[in-house]
Student: 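Structure in structure tokens, see below.
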Protein chains: 2
Amino acid sequence: MVETPRRREIEDVASDLFREHGYAATSVRDIARALDIQGASLYAHVASKEDVLWAIVDRAATRFEAAAAAADARAAADGPGDHVARLDALVRTHVAAIAEDVDAAGVFLGEWRSLGPDRRAVILERRDAYERRLRDLIADGMATGAFRMTDPAVATTFVLGALNAIAGWYHQDGRLSPDRIADHAAGFVVSALTDGPT
Amino acid sequence: MVETPRRREIEDVASDLFREHGYAATSVRDIARALDIQGASLYAHVASKEDVLWAIVDRAATRFEAAAAAADARAAADGPGDHVARLDALVRTHVAAIAEDVDAAGVFLGEWRSLGPDRRAVILERRDAYERRLRDLIADGMATGAFRMTDPAVATTFVLGALNAIAGWYHQDGRLSPDRIADHAAGFVVSALTDGPT
DNA sequence: CCTACCGATCGGTAGG
DNA sequence: CCTACCGATCGGTAGG
């Protein structure tokens with residue numbers, strides 16, 4: 001299915017509603033009303049309600065994956081062995097990925113439970129892969145002494161928990177720009193994983 | 001309404017289902033089936049589906065509030081001016097409050113959107129009050145030099161994000177005991193907010 | 001706690 | 001994109 005402009009409009013409106021009320025509490029009529037069309041008319045553009053959720057979640061997941069790849073590229077230019085720089089880069093691109101589309105990020109992070117079994121499994125595996133990437137970086141940094149020793153798996157969930165919480169409060173017209181938030185996030189995470197000033 | 005044993009049983013089963021599938025995606029028949037009774041029979045014990053959600057959320061919120069009070073008492077015994085000790089105590093009681101009933105904590109943290117407007121407002125105000133408490137502690141610690149200088153409001157959301165993520169992965173029969181998780185959480189948070197070893 | 005039932009709303013289809 | 005419609009399921013009530 002091609003991504004027509006109208007189709008994208010539907011997904012954006014749905015992201016907002018799913019984020020605000022949750023997928024199950026949002027009816028296809030709610031989505032249609034926000035677009036000023038009839039509920040049944042939505043099916044001229046989408047095959048099912050779950051397909052809309054999937055499109056949002058899949059696109060958000062892809063954005064996070066691209067962010068991680070971009071962070072790798074950025075850090076590799078600086079120096080491959082610098083774990084602090086690599087973590088700093090990953091945190092910043094992660095925050096940017098959230099801020100780029102908060103609604104979609106929030107839906108991705110909070111509504112994957114509403115996917116059918118197959119898609120749910122796919123998205124969980126992609127989340128796991130992303131998490132493994134961060135965990136490996138943290139574990140490697142501990143092994144080289146860049147980070148203080150602690151449980152890498154637990155530290156990873158703390159880091160992602162702190163970062164993903166941003167999707168719960170960030171607003172485009174808020175006090176802080178995405179870059180400023182990324183500054184704070186990078187400072188927080190690096191400080192949490194290092195023992196003292198370098 | 002008094003809290004009969006059966007009523008509590010209903011709430012526990014509902015916590016599990018709401019946590020796994022979300023409030024809106026869980027029908028009263030789902031809850032009844034888990035208790036081996038008919039859907040309509042549930043109404044011999046509860047007035048509405050939302051009342052069940054409210055009971056779970058209200059109890060969990062009360063538990064977090066009690067945890068904060070306990071942390072205050074514990075830290076006051078040590079010494080009132082020690083912000084690191086106060087933060088350490090608050091983190092530990094917060095983690096304990098999550099582990100005490102993960103399902104209810106998860107519902108409290110993730111399903112308050114499903115409450116009606118009035119109850120939603122009440123629970124948001126109680127969450128805000130809890131958050132203010134932590135933010136004030138962090139801001140005071142920055143003013144006295146115990147914590148590194150950064151934005152207290154943002155730091156607070158990072159701390160709560162990291163801690164509340166525990167509700168997403170903690171299991172009673174997991175690798176780590178609540179106390180060990182609390183150790184890691186306290187180490188992570190204190191390290192994030194301090195500049196180096198004391 | 002059960003059986004029998006209710007109106008409302010759900011996601012989705014047919015046919016234009 | 002609309003009107004008209006469908007079967008299924010929803011939360012909840014009546015009466016025992």
Side-chain angles (χ1 to χ4, degrees), chain A residues 1-58 107 110-120, chain B residues 1-58 107 110-120:
Chain A
M1 191 169 289
V2 274
E3 177 90 350
T4 63
R6 191 52 164 167
R7 165 89 198 212
R8 178 55 194 260
E9 218 172 337
I10 291 169
E11 290 166 17
D12 285 342
V13 157
S15 294
D16 187 31
L17 293 169
F18 292 168
R19 176 91 198 99
E20 178 76 15
H21 308 287
Y23 172 79
T26 304
S27 71
V28 302
R29 267 101 176 157
D30 291 332
I31 301 171
R33 192 177 313 116
L35 293 161
D36 268 311
I37 60 175
Q38 294 298 313
S41 303
L42 215 70
Y43 289 89
H45 303 98
V46 306
S48 73
K49 185 189 173 191
E50 204 207 298
D51 278 4
V52 177
L53 175 61
W54 172 250
I56 295 165
V57 166
D58 180 42
V107 171
E111 296 292 333
W112 54 267
R113 266 171 260 267
S114 301
L115 256 10
D118 289 358
R119 286 167 161 175
R120 182 175 167 150
Chain B
M1 190 168 289
V2 275
E3 177 90 350
T4 63
R6 191 52 164 170
R7 165 91 198 213
R8 178 54 194 262
E9 219 172 337
I10 291 169
E11 290 165 18
D12 285 343
V13 157
S15 294
D16 187 32
L17 293 170
F18 292 168
R19 176 91 198 99
E20 178 76 16
H21 308 287
Y23 173 79
T26 304
S27 71
V28 302
R29 268 101 175 154
D30 291 333
I31 301 171
R33 193 178 311 117
L35 293 160
D36 268 311
I37 60 175
Q38 294 299 313
S41 302
L42 216 70
Y43 289 90
H45 303 98
V46 306
S48 74
K49 185 189 172 192
E50 204 206 298
D51 277 5
V52 177
L53 175 61
W54 172 250
I56 296 165
V57 166
D58 180 42
V107 171
E111 297 291 334
W112 54 268
R113 266 171 260 267
S114 301
L115 256 9
D118 290 357
R119 285 167 161 175
R120 181 175 168 151

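Both backbone and side-chain heavy atoms feed into the values below; hydrogens, waters and symmetry mates do not. Here is how names work: the chains are called A, B, and so on, in the same order as the sequence lines, proteins then strands, and each is numbered from 1.
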Student: So do A/His45 and A/Glu9 actually touch side chain to side chain, heavy atoms under 4.5 Å?
Tutor: no
Student: Kindly indicate whether the side chain of B/Leu115, heavy atoms from C-beta on, has any atom under 4.5 Å from the side chain of B/Tyr23.
Tutor: no
Student: Taking C-beta and beyond as the side chain, do B/Glu11 and B/Val46 meet within less than 4.5 Å on heavy atoms?
Tutor: no
Student: Rounding to a whole Å, what distance do you find between A/Arg6:CZ and D/dC1:C1'?
Tutor: 9 Å
Student: B/Tyr23 OH to D/dC10 P: how many Å, rounded?
Tutor: 13 Å
Student: I'd like to check B/Arg119 versus B/Asp51 (side-chain heavy atoms, cut-off strictly below 4.5 Å). Are they in contact?
Tutor: yes
Student: Quick one: B/Ile37 CD1 to D/dG12 C1', roughly how many Å, whole number?
Tutor: 14 Å
Student: A/His45 has an atom NE2; how far is it from atom C1' of D/dC2, in whole Å?
Tutor: 12 Å
Student: Using atom CD of A/Gln38 as one end and atom C1' of C/dT9 as the other, report the distance to the nearest whole Å.
Tutor: 15 Å
Student: Using the side chain to side chain donor-acceptor pair (under 3.5 Å) criterion, which residues pair with A/Asp58? Sequence neighbours excluded.
Tutor: A/Arg126
Student: Does a side-chain heavy-atom distance below 4.5 Å link B/Val52 with B/Val28?
Tutor: no
Student: With no hydrogens and no angle check, is any side-chain donor or acceptor of A/Glu50 less than 3.5 Å from a backbone partner on A/Gly116?
Tutor: yes
Student: Which protein N or O atoms sit under 3.5 Å from an N or O of nucleotides 13-16 of chain D?
Tutor:
none

Student: Run the side chain to side chain donor-acceptor pair (under 3.5 Å) test against B/Gln38 and tell me which residues pass, sequence neighbours left out.
Tutor: none
Student: Under 4.0 Å between a side-chain nitrogen and a carboxylate oxygen: does that hold for A/Lys49 and A/Glu111?
Tutor: no
Student: Please give, in whole Å, the distance from D/dG12 C1' to B/Leu42 CG?
Tutor: 11 Å
Student: Under the side chain to side chain donor-acceptor pair (under 3.5 Å) rule, collect the residues that match up with B/Ser27, sequence neighbours excluded.
Tutor: B/Asp30
Student: Without decimals, in angstroms, what is the distance between A/Leu35 CG and D/dC2 P?
Tutor: 10 Å
Student: So if I take the C1' atoms of five pairs at each end of the helix from C/dC1-D/dG16 to C/dG16-D/dC1 and get each local axis, what angle do the two axes make, rounded to 10 degrees?
Tutor: 10°
Student: For the pair B/Arg120 (side chain) and B/Arg113 (backbone), establish whether a donor and an acceptor sit closer than 3.5 Å, ignoring hydrogens and angles.
Tutor: yes
Student: Which residues, if any, of residues 25-33 of chain B bring a heavy atom under 4.0 Å of DNA chain D?
Tutor: B/Thr26, B/Ser27, B/Val28, B/Arg29
Student: Rounded to the nearest Å, what distance is computed from the CD1 atom of residue A/Ile10 to the C1' atom of nucleotide D/dC1?
Tutor: 11 Å
